[in-house]
Amino acid sequence: MLESHRKEPGLKKPNFEIVDGKLRNIALDCEIDNNLGELDTASGGQSANDLNNQFQNSKNSAEQEIFQSASGDGQAPSENRINQEKGIGKSSVTRDDFLQNHILSNLQINPSQNTAAFMVNKANLLENRYDSELWIMLLDSKCLRQMNTGTGVKGFIWEGNSLIYYVDKGDGSVFYKHHISENRGEILFSIPMKIVDFILTRDALFFSSYTTEVPATEQIQEGTEVPFFKEGKGIASNIKKSLFSYHLTTRTINKVTSENTNVDLFAFDELSNSIALTSCVGDKHAENRADIFLLNLESGNMEKLSSGLPFCISDIGFIDSSTVVFTGSQLIEYGKSENHEIYTVDISSKEQRHISEEFDKSKMGIAVATDSRFNQSNRFQIYNNQLYFLTVEESSTYLYKTDQEGNIQKLSFESGTIDSFAVTDNGVFFVGLRQQQLQEIYSLKSGEEKKLTGMNDWLEDNRIVIKPGAVHCVNEENTEIDGWVLKPSDFNSDIKYPGILFIHGGPKMVYGDVYFHLMQLLAARGYFVFYCNPRGSDGKGNEFADIRGNFATHAYSDLTSFTDTILEKYGNIDESRLGVIGGSYGGYMVNYIISQTSRYQAAVSEKSMCNLISHFNTSDIGYGYSCCYLGGTTPWDNMDEYLRNSPLTHAKKVKTPTLFIHGKDDLRCNYTESLQMYSAISYFGTEAKLCILEEENHFFESRGKPLTKIKRFNEILAWFDRYLNAEY
């Protein structure tokens, strides 16, 4: 259940009933075709175009009507289908289009370099979940094929020309070997533990898993460490991520790391028969800073490679058998906003070298915001003693490579995202978002890109997708702020339209020229949508991202200047009908904005913060996050700074009707943050609504359950329509 009341105990899936022989979703009050979620777009060895045509035909003929009938967005159930059959043309983006999205990730190439394997995640409305499947693509013919692995694949690797993958079963993990030529799998072994990550050596499987010495029951969860919990995992106090080995011959499990070692990343080098791993020893309050260790698999000895102040490390690997390479930062000069740099460590001498000096670009490559992918994978790969890595520049992700001497070369040049990539002798293959399209697989060779798949061509073929126009403004410090605007899909120069400002999270993230479903949905609804990257965002170097001591004020100033510029350039926006929406840090900024101005007539604040004192003590990153951005102080060192930057302090001044949306299981920004702001402005007479999303965490925007997403879209559309768009 959604809204501010609790769900019935034990209800894990939506209720269904049979009415007149048809399956009906009680919660949505709509009929659902029994075949929904069973339509198969793969039939071994088809070309990409043939596959897409089959997928398109099945969606448009049967499933399209189902999606529209469930939409409740004011359109006739089969209007789009009828229009397409009559050849009238494309229709506007609809709420439920996200159900058709093939979300791609974890692209890997086999050792023979003739086949790519990747994950496909698809919404399953009947089960209210996402199904994860393994697919392959033959690189010479571009033929696609779905593997017969079921829908619960968690992770995989290549072993020769076969796939090793695992699925969760109860409290354990089951590993399978899938024979590509026969499209058939066989069980290899079971591990009585939940796997986090794994690598396969000649003799053993090495895997990480969470362990604890504190027993937990259904009624009581104990702990003595901070933070007490971790986003996406739950209770984390006294829990360590440990490294284990499973010997393939003796079928025995051994714990590799000690009790006080908390493993984060690890990588295997076949030539040296060693594992490099990062570990934070004993102190979980230490900003995720880690040391680097080397585990010799023959002797079993583990020695520390790093020296000096530990790093916050994002990736690690072997650039050759005698050298470890990693990306990280000691967070000294710019704190949490500091770009990660590239370092090498000589295994023999333990000499550490910084090889990316004066390369002031983010090395993590994960910051381009969209609600139409899950996450990024394979952002760091070593091939032929060269490190390939991603950066965020301006508003896009780009691929670079470097050797051990720091000779850095840019490889990609098109705007958009690179969400997963694999390097071969014949160039690079990657999953990405390009030109307002959903994810596809591309090839990259000599700087030239080529689209290889059409798994999501249905969007461009059937929907009116608005191309954003670039808008730049100059802030009070004469710094250029980059932004974009989407016009309403039915734009008429003689009509005035409402407008909505979007604010991204982070704050070290960026908006860019990539598909964003909610933005397109609002543009289809008749709104101008505009968004920008204020100070604090990624893509423009350390100085631009550094807002310590100006946690709210820099962004507020830049967002105000950008809104002024938008209204000046686009006279068709009715400035008496403006809305604002944001999530996470963006939700915090919504709360701050409505406490400073009544310029916006409606607001939506999602997974936000309002009280930086309570956030300091309840967020899984609160100690480091709040302390860093508020100038290195705690509430007890400088209570005035925390109060001044907390929107809750100024709640009495809020006059803007505000919708608050928050996941009940959000441990990054606890749902009580929205509860506090909602309660405060309601107490002082401002209209507000609170929607608590049961069983959703901080990432419901992109990874929320399908029914949650449908409800969320309904709430946002209804709220803005009520205050800004009288037509609806």
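Residue numbers start at 1 and run along the sequence shown.
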If you measure only the distance, is there a donor-acceptor pair under 3.5 Å linking the side chains of [X] and [Y]?
| X | Y | answer |
| --- | --- | --- |
| H662 | S608 | no |
| H178 | N183 | yes |
| S537 | H504 | yes |
| E393 | Y400 | yes |
| N148 | Q146 | no |
| D97 | N101 | no |
| N124 | D131 | yes |
| R668 | S584 | no |
| Q436 | E460 | no |
| W719 | D721 | no |

Decide yes or no on side-chain contact (heavy atoms from CB on, under 4.5 Å) for V167 and S173, but give the supporting numbers first.
CA-CA 6 Å; V167 299; S173 303; over 6 Å; no
Which pair of heavy atoms, one from [X] and one from [Y], lies closest together, and at what distance?
| X | Y | answer |
| --- | --- | --- |
| T708 | L693 | CG2-CD1, 3.7 Å |
| I109 | A422 | CG1-CB, 3.4 Å |
| G539 | V510 | N-CG1, 4.3 Å |
| P706 | L99 | CB-CD2, 4.0 Å |
| I466 | L486 | O-CD2, 3.6 Å |
| A116 | L107 | CB-CD1, 3.8 Å |

Please examine the side chains of [Y] and [X], heavy atoms only from C-beta on, and report whether any two atoms are closer than 4.5 Å.
| X | Y | result |
| --- | --- | --- |
| V93 | I464 | no |
| R95 | I710 | yes |
| D665 | E695 | yes |
| L707 | L125 | yes |
| V604 | F720 | yes |
| L399 | V428 | yes |
| F421 | I418 | yes |
| T417 | S396 | no |

Would the distance check show the side chain of [X] and the main-chain N or O of [Y] forming a donor-acceptor pair, the cut-off being under 3.5 Å?
| X | Y | answer |
| --- | --- | --- |
| T453 | I441 | yes |
| W158 | Q108 | yes |
| E414 | E449 | no |
| E440 | G432 | no |
| S605 | F660 | no |
| Q113 | V423 | no |
| N110 | T115 | yes |
| D666 | C669 | yes |
| T370 | Y515 | yes |
| N106 | F118 | no |

Electrostatic pair [X]:[Y] at N-O distance under 4.0 angstrom:
| X | Y | answer |
| --- | --- | --- |
| K122 | E133 | yes |
| K689 | E715 | yes |
| E606 | R712 | yes |

Once rounded to the nearest 0.5 Å, what's the spacing between atom [atom1] of [X] and atom [atom2] of [Y]?
| X | Y | atom1 | atom2 | result |
| --- | --- | --- | --- | --- |
| K90 | S489 | NZ | OG | 13.0 Å |
| I103 | M455 | CD1 | CE | 11.5 Å |
| S132 | F374 | OG | CZ | 9.0 Å |
| I164 | I157 | CD1 | CD1 | 6.5 Å |
| F430 | Q439 | CZ | CD | 11.0 Å |
| R722 | L659 | CZ | CG | 10.5 Å |

Would you indicate whether [X], at its atom [atom1], is surrounded by more than 12 heavy atoms from other residues, nucleotides or ligands within a distance under 6.0 Å?
| X | atom1 | value |
| --- | --- | --- |
| K230 | NZ | no |
| Q435 | CD | no |
| E394 | CD | yes |

Pair K709, E701 - check salt bridge (charged side-chain N to carboxylate O under 4.0 Å, His left out), show working.
CA-CA 7 Å; K709 286 189 172 184; E701 180 183 44; over 6 Å; no
Measure from NZ or CZ of [X] to the centre of the six-membered ring of [Y], then state whether that distance is under 6.0 Å and the direction lies within 45° of the axis.
| X | Y | value |
| --- | --- | --- |
| K607 | F700 | yes |
| K451 | Y442 | no |
| R525 | Y527 | no |

Evaluate I661 against I716 for side-chain contact (heavy atoms from CB on, under 4.5 Å), listing each step before the verdict.
CA-CA 9 Å; I661 301 177; I716 293 172; 3.9 Å; yes
Whether F491 and F528 hold their rings parallel, tilted or perpendicular, with breakpoints at 30° and 60°:
perpendicular
Check the pair M137 / L452 against side-chain contact (heavy atoms from CB on, under 4.5 Å), numbers first and verdict last.
CA-CA 9 Å; M137 179 174 67; L452 302 181; 3.9 Å; yes
Step through it carefully: locate the ring centre of [X], locate the ring centre of [Y], and say whether they are under 6.0 Å apart.
| X | Y | result |
| --- | --- | --- |
| F175 | F198 | yes |
| Y531 | F516 | no |
| F713 | H517 | yes |

Name the residue from W484, F530, F502 that meets the side-chain contact (heavy atoms from CB on, under 4.5 Å) definition with M519.
F502
Qualifying residue for salt bridge (charged side-chain N to carboxylate O under 4.0 Å, His left out) with D419, from R434, R373, R379:
R373
